[in-house]
Amino acid sequence: MTWSATARGAHQPDNTAFTQQRLPAWQPLLSASIALPLFFCAGLAFIGLGLGLFYSSNGIKELEYDYTGNPGTGNCSACALADRDRAPPLRCSCSWYFSLPELFPGPVYLYYELTNFYQNNRRYSVSRDDTQLSGLPSALRHPANECAPYQRRASGLPIAPCGAIANSLFNDSFSLWHQRQPGGPYVEVPLDRTGIAWWTDCHVKFRNPPLVNGSLALAFRGTAPPPNWPRPVYELSPDPNNTGFINQDFVVWMRTAALPTFRKLYARIRQGNYSTGLPRGAYLVNITYNYPVRAFGGHKLIVFSNISWMGGKNPFLGIAYLVVGSLCILMGFVMLVVYIRYQDQNDEDEDEE
Amino acid sequence: MLSVFCSGEVVCEPPNNKLDRFSGTLYWKESKFPLSNQNMLLRGCVLRNTEWCFGLVVFAGPDTKLMQNSGRTKFKRTSIDRLMNTLVLWIFGFLVCMGVILAIGNAIWEHEVGMRFQAYLPWDEAVDSAFFSGFLSFWSYIIILNTVVPISLYVSVEVIRLGHSYFINWDKKMFCMKKRTPAEARTTTLNEELGQVEYVFSDKTGTLTQNIMVFSKCSISGRSYGDVLDVLGHKAELGQKPEPVDFSFNPLADNKFLFWDPTLLEAVKMGDPHTHEFFRLLSLCHTVMSEEKNEGELYYKAQSPDEGALVTAARNFGFVFRSRTPKTITVHEMGTAVTYQLLAILDFNNIRKRMSVIVRNPEGRIRLYCKGADTILLDRLHPCPQELLSTTTDHLNEYAGEGLRTLVLAYKDLDEEYYGEWAQRRLRASLARDSREDRLASVYEEVESDMVLLGATAIEDKLQQGVPETIALLTLANIKIWVLTGDKQETAVNIGYSCKMLTDDMTEVFIVTGHTVLEVREELRKAREKMLDSPHAVGNGFTCSEKRSARLTSVLEAVAGEYALVINGHSLAHALEADMELEFLETACACKAVICCRVTPLQKAQVVELVKKHKKAVTLAIGDGANDVSMIKTAHIGVGISGQEGIQAVLASDYSFSQFKFLQRLLLVHGRWSYLRMCKFLCYFFYKNFAFTMVHFWFGFFCGFSAQTVYDQYFITLYNIVYTSLPVLAMGVFDQDVPEQRSMEYPKLYEPGQLNLLFNKREFFICIAQGIYTSVLMFFIPYGVFAEATRDDGTQLADYQSFAVTVATSLVIVVSVQIGLDTGYWTAINHFFIWGSLAIYFAILFAMHSNGLFDMFPNQFRFVGNAQNTLAQPTVWLTITLTTVVCIMPVVAFRFLKLSLKPDLSDTVRYTQLVRKKQKAQHRCLRRVGRTSSRRSGYAFSHQEGFGELIMSGKNMRLSSLALASFTTRSSSSWIESLRRKKSDSAGSPSGGADKPLKG
């Protein structure tokens, strides 16, 4: 007994709620008064939301055109044929004529869509150097190894911007022309090419290297453009605030897509007469066809769309909400029936006792 | 003297584990001396009443009989552990399968698409074919998907077990105030198995009983004494005992002796001749030795505690046994010393079940005093008034019904002439060459007849506190209790009755005592036949015969009547042989209670092993002494009773506490909770890992099987460690389904553990399925939404980083809601961990995506600005909500329906508790077993024959004390352990052959 008293320091255990496992606790039970209202409320809320989503999605207008140029589909097939075995740059133009019977309400957004393009492939999406893109001068001339094989040119010059993503920059360009009166001249619709990327991307993630003697071109001296590029990065746009790494087309492209079919914003139409939308009339999209996609079975589309509070056209969300809401209600009814039947039984059992 | 012995030689049997047998021969000076068990002292014995003795060590170390009885120490693991290992292996196989599928996918993709996509994404230099690319992608996927193999599972499981062990150590209700010993979980690896125990093997002495005998009642010439009466003369209820009887008139009284009925003392003081004769008998007819260190300080050394109790009772009532010599006994009768001449001791043995002394009192009258079993003694009484006989019998039945050990006392006057003649015959019989025993027995039988009934005594073999209640409760929890004891059959059966294992309601108690294989087999067969033939057997009696022909096992499991089996050590030895063990097991398992008596420590272990091997059930052994060590080591869980004299059982045990009654709390509360928590924990753990990892698998089909992860690398690192570990740990440590008092009230709550219902392969697959279901929704709902979505400012939404953040956020929310559903007991800690995990997720998310970190390490924190941009979108939140609801609602609906249609007992208990806060006590499952009359003999006497002879011979009688060597099982050091070490050290040393001669 002395052994147990000394060797184990046999003081009485503390009488606290913690040691005695008596902590005050909330013990929820999935009772009918919780579960049934939960299901009905969730169901109703979902159906309500679903209806809202469905109608706002339906209210969105979309206009899309596949200009890949597969044989016999419009006048881009000539360019498509040419793209078979060409080396850039090739300047091929084609156009898409369409007419709007009524106003296409604004603001209207112009997207390009690529299909079967695996921007989410791991090897593709790592092939970039964010340090270089953030404008660090040391990284500019020493691109990261992930960029290989687009890390350095054969001449040994470092590539800026390096990597497969940058190299595969989408370089088709579009211009939109509006024919106000039938037979009249086509007037160019102004396309706003800014404000198409996230603010954080343009101002934090992507930055040009510090200017040398006030010149961006000098800052990029000693680097080479990616092999596919016809011109260096500092000449992407004549606008000094939209060129170099912070060129918004480039920034948009560099934000890689999650899925092999993706849409990227090309321009916003919001200036002048077109701020309320595209008025009725005949239109023409002039396409500079540079970007080859037929080799891997991809498609290129041009899309006009407007948006609502929840973004672009998205029928999936509305339908999913409606379906789930209905299922909740249905399940709620099943549970209610089961509950009523079995509660009666339980009550009887208790009475018998 | 030692040098004289140098020429001696001992030839003996090889080392074995039979404690009660030894055969050998001592050759010394051309003469042979047979050596038997009588000449042996076993290791651990304490030599009493002598200052010294000569001995010869025959076996030492691992060769000793006691060491031969100790089993091997095995590493114990729980069944859940083993299952977990299997499952982890399966999961590993599953991982490889996924890797192969995705690798094949990659090879096909690279061949069909990737090859033609090379203008934008050329293959790596080393990769020359789609096949090789697939091979590389296999390894990439093994790395990415490895989170499906729960590596942190083992650590978490250990943490939870540690927590449970601490709860056991801290439990105030398992702290013994008297001995100041807390319960102790000596191992942290077996906790959840405590919730699955089906068989409890218990030692008797020191575990069920306190090994204290108390003289509790007696019947003297038709009047019963000893009932505790209140003032009005009614039988008092427990707990309101009046003052004990005051023995201060007697200076020699033992003040530890308590008696509650003052009328007996009054009768003694009044000088009632029957009462005086009664106590005189008790003070004369025994084999106790007395020791008086100082005047008036008497110490009795009794071979059995029963005798000690009887002599002490006589002492306190004024008949003090003072001292004895081989020829005399001195007794202080009511203050005056009287010396009786001891003429003969007719010793006790198992067949006679009685002992007598023949004494001549100072007046010269010769009288025989006899005490013994009622069944034997009542037949050899002088025809006396029928009334006295029947009242005494009634009293005896009453005592037996209370589980007391009874003895009947009688005396007989002998005349000088007859005695002289009888003594001659006895002498002749004792000198007879052949069948000496039988002759002596018949001579004894002749004189022990026509005796006059004096009365009866009832001794209480004091049970430990709360033993019957504990056993009743454990039985209700479907735990089968087997008592394995070294005690005699009568003693064991008696204890069986007093702790309510055996009841009179039982259909039959089978007693197997056969000495040969055939007898045992026959007895077992008969027992089985009886069980099958009884009208109680199953409801559908007519199918019985068919079943019986098919296979006995299945039928016996379904026997409805209550049976009990008592089996003796020597029968057990046969029953445990390979060809009979299954028969024995079948029979024993069909019985409600099993008592094995006279078993050796090794047999205890064998019985445990037998059940372990064939029943696939979790066994628990509980004991307090060194003789229980092997059983404790063999059973899945060993429990030691601590705070007693020895610590060997405790040292070998996995759990220890100081009272048997704590077992119910250990099993029904701690064990049950541990099992429940562990199962819930495992289910959730597998679920969350599958839900997390399988998303990569689905994404593989949309990213060219390029081993692209869905989540940010930091999320993958932190998911298991930070975002989801603590809530599930808190659940694993703190969860409770019903409060502790309910698990005592409804012992049936224990059953899911025994049936292994809460976590088995089926449950595992359900968890996995739920995990995979979640992962499918987790990927495809965002996929559906993102495929064409744009943000509310017109820019692209479906970029990879936003997708990653959306899926990760919905995953964290879904698994948090799921743990919320699984947690049944929300303490402040659970709240803190669950809400804290969510909060920390968002905090880390925003920190990782902040500008500051990007400015420092642009390549490490590529997700800059993502959190605020993505999570500001209503579409994203709509997606997260949708995913959460779709993942959780089916679970809620399923649980609700299960609660309504097929509720578990625990659900019902919780529900009723919720509805009626004030639970009526109607569900009390403990039934008080009221047994008023029993036709059972409560006779029990726990000592062996041979001591009468020793006393009469005067051999070894030195200074009126006797060398009484008794084998004690409790020695105070852990010599077994130290021996074990030595054994391994000396393994290489040479040792003799089988019959090795030992030179002195």
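This one's a predicted model, so the numbers in the text were calculated from it and none came from an experiment. Just so we're on the same page: letters track the sequence lines, and every chain starts at 1.
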By a 4.5 Å heavy-atom criterion (distance strictly below it), what part of [X] contacts chain A: side chain, backbone, both, or neither?
| X | value |
| --- | --- |
| B:Glu740 | side chain |
| B:Leu899 | side chain |
| B:Trp109 | side chain |
| B:His849 | neither |
| B:Phe705 | neither |
| B:Asn866 | both |
| B:Leu897 | side chain |
| B:Met174 | neither |
| B:Pro122 | both |
| B:Gln868 | side chain |

Specify which of [options] makes the most heavy-atom pairs with chain A at under 4.5 Å.
| options | result |
| --- | --- |
| B:Gly784, B:Gly865, B:Gly114 | B:Gly784 |
| B:Thr709, B:Thr881, B:Val886 | B:Thr881 |
| B:Val113, B:Val892, B:Val710, B:Leu821 | B:Val892 |
| B:Ala119, B:Ala804, B:Ala798, B:Pro890 | B:Ala798 |
| B:Phe803, B:Tyr825, B:Phe702 | B:Tyr825 |
| B:Gln118, B:Gln873, B:Gln736 | B:Gln736 |

Full working for side chain to side chain contact (heavy atoms under 4.5 Å, CB included) between A:Asn120 and B:Phe699:
CA-CA 10 Å; A:Asn120 60 3; B:Phe699 188 52; 3.9 Å; yes
Between A:Tyr339 and B:Phe896, what is the ring plane arrangement, given parallel below 30°, perpendicular above 60°, and tilted in between?
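Correct class here is tilted.
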Evaluate the ring planes of B:Phe117 and A:Tyr118, with Trp represented by its six-membered ring, and classify them as parallel (under 30°), tilted (30 to 60°) or perpendicular (over 60°).
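Perpendicular: the ring planes of B:Phe117 and A:Tyr118 meet at over 60°.
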Value rounded to 0.5 Å, distance of [atom1] in [X] from [atom2] in [Y]:
| X | Y | atom1 | atom2 | result |
| --- | --- | --- | --- | --- |
| A:Leu23 | B:Trp826 | CG | CH2 | 15.0 Å |
| A:Met310 | B:Asp792 | CE | CG | 10.0 Å |
| A:Thr256 | B:Gln801 | OG1 | CD | 6.5 Å |
| B:Gln796 | A:Trp253 | CD | CH2 | 10.0 Å |
| B:Thr790 | A:Lys264 | OG1 | NZ | 13.5 Å |
| A:Ile307 | B:Thr795 | CD1 | OG1 | 8.5 Å |

Flag the one option from [options] with the top tally of heavy-atom pairs under 4.5 Å to chain B.
| options | value |
| --- | --- |
| A:Thr261, A:Asn116, A:Val324 | A:Val324 |
| A:Gly195, A:Pro260, A:Ser127, A:Ser305 | A:Pro260 |
| A:Val126, A:Leu259, A:Ile34 | A:Leu259 |

Looking just at side-chain N and O atoms, do B:Asn869 and A:Thr200 make a donor-acceptor pair shorter than 3.5 Å?
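Yes.
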Looking at B:Glu125, I'd like to know if its CD atom is crowded, meaning that more than 12 non-hydrogen atoms belonging to other residues, nucleotides or ligands lie closer than 6.0 Å.
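Incorrect, the count does not exceed 12.
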Quick one, B:Val885 with A:Phe46, criterion side chain to side chain contact (heavy atoms under 4.5 Å, CB included). Give me CA distance, side-chain angles, the key distance, then yes/no.
CA-CA 10 Å; B:Val885 167; A:Phe46 266 58; 3.4 Å; yes
Is the gap between the ring centers of B:Tyr800 and A:Tyr124 under 6.0 Å?
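Not close enough - the centres of the two rings lie 6.0 Å or further apart.
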Determine, using ring centers only, whether A:Phe262 and B:Phe786 are less than 6.0 Å apart.
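Distance test on ring centres: not under 6.0 Å, no.
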Worked check of side chain to side chain contact (heavy atoms under 4.5 Å, CB included) between A:Leu169 and B:Tyr120
CA-CA 9 Å; A:Leu169 176 69; B:Tyr120 296 127; over 6 Å; no
So, the side chain of A:Lys205 versus the backbone of B:Arg862: is there a donor-acceptor pair under 3.5 Å, distance only?
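Confirmed, A:Lys205 side chain pairs with B:Arg862 backbone.
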Sub-3.5 Å donor-acceptor pair from the side chain of A:Asn314 to the main-chain atoms of B:Val785, do we have one?
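Answer holds: yes.
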Would you name the heavy atoms of [X] and [Y] that are closest together and state the gap between them?
| X | Y | result |
| --- | --- | --- |
| A:Gly297 | B:Arg116 | N-NH1, 4.3 Å |
| B:Asp171 | A:Gln20 | OD1-OE1, 3.5 Å |
| B:Asp124 | A:Arg123 | OD2-CD, 3.7 Å |
| A:Met331 | B:Ala893 | CG-CB, 3.8 Å |

Hey, are the side chains of A:Phe18 and B:Ile829 touching, using non-hydrogen atoms and a 4.5 Å cut-off?
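Yes. Closest side-chain heavy atoms under 4.5 Å.
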Take A:Asn121 and B:Gln708, measure what side chain to side chain contact (heavy atoms under 4.5 Å, CB included) needs, and give me the verdict at the end.
CA-CA 6 Å; A:Asn121 189 300; B:Gln708 174 71 307; over 6 Å; no
